[in-house]
Q: 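Below are the structure tokens for one structure; questions will follow.
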Amino acid sequence: MFGADALTLYLVFLVFAVGGRIALHYLATGDLGIRTVKRSAPKIVRFTSVLLLASFTATFALSSLDAIGVVHPQVDLGEAANMLGAAISLAGIALMIVSQYQMGAAWRFGVDQGERTDLVTVGLYAFVRNPIYSGVFLFLIGLLVLLPHVYMLIFIVTAWLSIELQVRFVEEPHLRGLHDADYEKYAEQTGRYFPRLTYKSGR
């Protein structure tokens with residue numbers, strides 16, 4: 001039951017937060033919005049890309065294996081926790097969908113160092129610089145509640161590490177290079193993944 005629920009939520013995530021976003025972006029712009037990592041990219045860019053892909057592949061595989069009875073939860077948290085985990089994951093998926101929509105044409109999966117995009121500071125982005133990743137974290141936490149297993153914990157920690165590396169060493173330097181003082185001011189006013197306790201009114 002736990003694995004089937006986790007797998008169902010994973011499929012919802014893939015269909016709506018990933019596939020759906022790519023499809024909508026293509027319909028609006030004629031561009032899939034996917035920026036693959038080039039062989040000439042710095043090692044940190046290639047490393048984080050591989051680590052992120054591996055961690056999400058692993059969490060999906062674990063959910064699938066549990067759904068068919070090969071792997072089982074190591075702790076029985078009960079039906080209430082099952083419902084809570086599903087609610088957390090769904091909230092994360094919803095947050096991802098809204099955040100991606102609010103990025104509009106600036107949305108990208110990956111970074112092209114030679115491409116210029118607008119700095120989005122409205123909607124959820126007025127409070128958090130990376131609400132899409134905030135949604136990803138909620139989604140993964142919900143999966144862990146649904147499927148409490150040490151391997152799931154390890155894979156989620158790996159996913160968190162890959163996102164941290166991607167944000168701090170790839171995306172933020174790219175945005176600083178594009179928007180300079182505007183981005184620095186924006187970063188001072190907003191949290192990376194969660195709103196600051198004291199918020200300064202925007203630009």
Side-chain angles (χ1 to χ4, degrees), residues 9-29 31-35 48-49 52 55-56 59 84-112 115-146 156-157 159-203:
L9 284 167
Y10 221 117
L11 293 175
V12 171
F13 160 72
L14 291 174
V15 170
F16 292 99
V18 180
R21 179 60 235 178
I22 293 172
L24 288 175
H25 191 77
Y26 180 77
L27 290 174
T29 67
D31 176 18
L32 292 175
I34 300 174
R35 302 297 181 259
T48 56
S49 177
L52 185 62
S55 60
F56 273 89
T59 54
L84 176 62
I88 293 172
S89 280
L90 287 173
I93 293 170
L95 181 56
M96 281 184 268
I97 292 172
V98 172
S99 300
Q100 291 178 119
Y101 173 78
Q102 290 182 343
M103 283 201 77
W107 177 83
R108 297 288 185 276
F109 181 80
V111 174
D112 183 345
E115 186 176 29
R116 184 177 183 86
T117 55
D118 293 335
L119 180 62
V120 179
T121 61
V122 297
L124 294 171
Y125 294 87
F127 306 95
V128 181
R129 300 197 297 280
N130 301 284
I132 296 174
Y133 291 137
S134 305
V136 171
F137 293 147
L138 285 177
F139 168 68
L140 293 175
I141 290 170
L143 287 186
L144 182 60
V145 176
L146 285 165
I156 287 175
V157 170
W160 168 80
L161 176 61
S162 64
I163 290 173
E164 274 284 277
L165 293 173
Q166 173 74 12
V167 169
R168 292 175 183 269
F169 296 103
V170 180
E171 296 182 4
E172 289 185 350
H174 175 67
L175 290 171
R176 283 192 175 93
L178 288 179
H179 302 288
D180 196 20
D182 285 342
Y183 183 79
E184 292 296 343
K185 183 177 180 180
Y186 173 58
E188 290 177 359
Q189 296 173 337
T190 55
R192 184 173 276 113
Y193 307 114
F194 306 99
R196 292 186 183 278
L197 295 178
T198 55
Y199 175 72
K200 301 176 182 179
S201 57
R203 310 173 327 161

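Only a predicted model underlies this, so the values are computations on that prediction, with no experimental measurement involved.
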Q: Are W160 and I141 close enough that some pair of their side-chain heavy atoms sits under 4.5 Å apart?
A: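 No, every pair of side-chain atoms sits at 4.5 Å or beyond.
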
Q: Hey, does the side chain of R108 reach the backbone of G33 with a donor-acceptor pair shorter than 3.5 angstrom?
A: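 Judged by distance alone, no pair lies under 3.5 Å.
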
Q: Between V122 and Q102, is there a side-chain heavy-atom distance shorter than 4.5 Å?
A: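 Q102 vs V122: side chains apart.
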
Q: Distance check, rounded to the nearest 0.5 Å: L143 atom CG versus Y10 atom OH?
A: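 If I round to the nearest 0.5 Å, the distance is 6.5 Å.
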
Q: How far does CG of L14 sit from CD1 of I93, to the nearest 0.5 angstrom?
A: 9.0 Å

Q: If you count heavy atoms of other groups shown closer than 6.0 angstrom to CZ of F109, is the number above 12?
A: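 Counting other residues, nucleotides and ligands, CZ of F109 stays at 12 neighbours or fewer.
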
Q: For S162 and T48, indicate whether the former's side chain and the latter's backbone hold a donor-acceptor pair under 3.5 Å.
A: no

Q: Can you name the side-chain contact (heavy atoms from CB on, under 4.5 Å) partners of V157, sequence neighbours left out?
A: L153

Q: Give me the atom names and distance for the closest heavy-atom approach of Q166 to V111.
A: NE2-CG2, 4.2 Å

Q: If you compare all heavy atoms of L95 against all heavy atoms of G135, which two are closest, and at what distance to 0.1 Å?
A: CD2-N, 3.5 Å

Q: Identify the heavy atoms of E115 and L178 that sit nearest to each other, and give their distance.
A: O-CD1, 3.9 Å

Q: I need the L144 CG to I156 CD1 distance, nearest 0.5 Å.
A: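 Atom-to-atom, L144:CG and I156:CD1 are 4.5 Å apart.
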
Q: Using a 4.5 Å cut-off on heavy atoms from C-beta on, say whether the side chain of L175 contacts that of R129.
A: no

Q: With the side chain counted from C-beta on, respond yes when L52 and I163 share a heavy-atom pair under 4.5 Å apart, and no when they do not.
A: yes

Q: Where the side chain of D118 meets the backbone of V120, is there a donor-acceptor pair that is under 3.5 Å apart?
A: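 It does not hold such a pair.
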
Q: Could you tell me which non-hydrogen atom of N130 sits nearest to which non-hydrogen atom of V167, and how far apart they are?
A: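 Taking every non-hydrogen atom into account, ND2-CG1, 3.9 Å.
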
Q: With a 4.5 Å heavy-atom cut-off, do Q189 and R196 have their side chains touching?
A: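 Q189 vs R196: side chains apart.
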
Q: Between I88 and L84, is the side chain to side chain contact (heavy atoms under 4.5 Å, CB included) condition met? List the steps.
A: CA-CA 6 Å; I88 293 172; L84 176 62; 3.9 Å; yes

Q: When you measure from the side chain of S89 to the backbone of A86, do you find a donor-acceptor pair of N or O atoms at a distance under 3.5 Å?
A: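 No.
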
Q: Measure the shortest side-chain to side-chain distance between I22 and W107 over non-hydrogen atoms and say whether it is less than 4.5 angstrom.
A: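 Of all side-chain heavy-atom pairs linking W107 with I22, at least one is under 4.5 Å.
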
Q: Show your working on side chain to side chain contact (heavy atoms under 4.5 Å, CB included) between F56 and V136 and close with a plain yes or no.
A: CA-CA 11 Å; F56 273 89; V136 171; 3.5 Å; yes

Q: Which heavy atom of Q100 sits nearest to which heavy atom of Y125, and what is that distance?
A: N-OH, 4.4 Å

Q: Looking at every non-hydrogen atom in both residues, tell me the closest pair between T29 and A105 and how far apart they are.
A: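 Result for this residue pair: CG2-CB, 4.3 Å.
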
Q: Would you mind reporting whether F16 and M96 have side-chain heavy atoms less than 4.5 Å apart?
A: no

Q: To the nearest 0.5 Å, what is the distance between CD1 (I132) and CG (L124)?
A: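 Going from the CD1 atom of I132 to the CG atom of L124 covers 10.0 Å.
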
Q: Look up atom NE2 in H25 and atom CG in L32, then write down how far apart they are to the nearest 0.5 Å.
A: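 One finds 8.0 Å between NE2 of H25 and CG of L32.
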
Q: Apply side chain to side chain contact (heavy atoms under 4.5 Å, CB included) to residues F169 and E164 and explain how you reach the verdict.
A: CA-CA 8 Å; F169 296 103; E164 274 284 277; over 6 Å; no

Q: Parallel, tilted or perpendicular, judged at 30° and 60°: which one describes the rings of F139 and F13?
A: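 Aromatic pair F139/F13 classed parallel.
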
Q: Under 3.5 Å, is there a donor-acceptor pair between the side chain of H179 and the main chain of T117?
A: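 Yes, H179 side chain to T117 backbone: donor-acceptor pair under 3.5 Å.
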
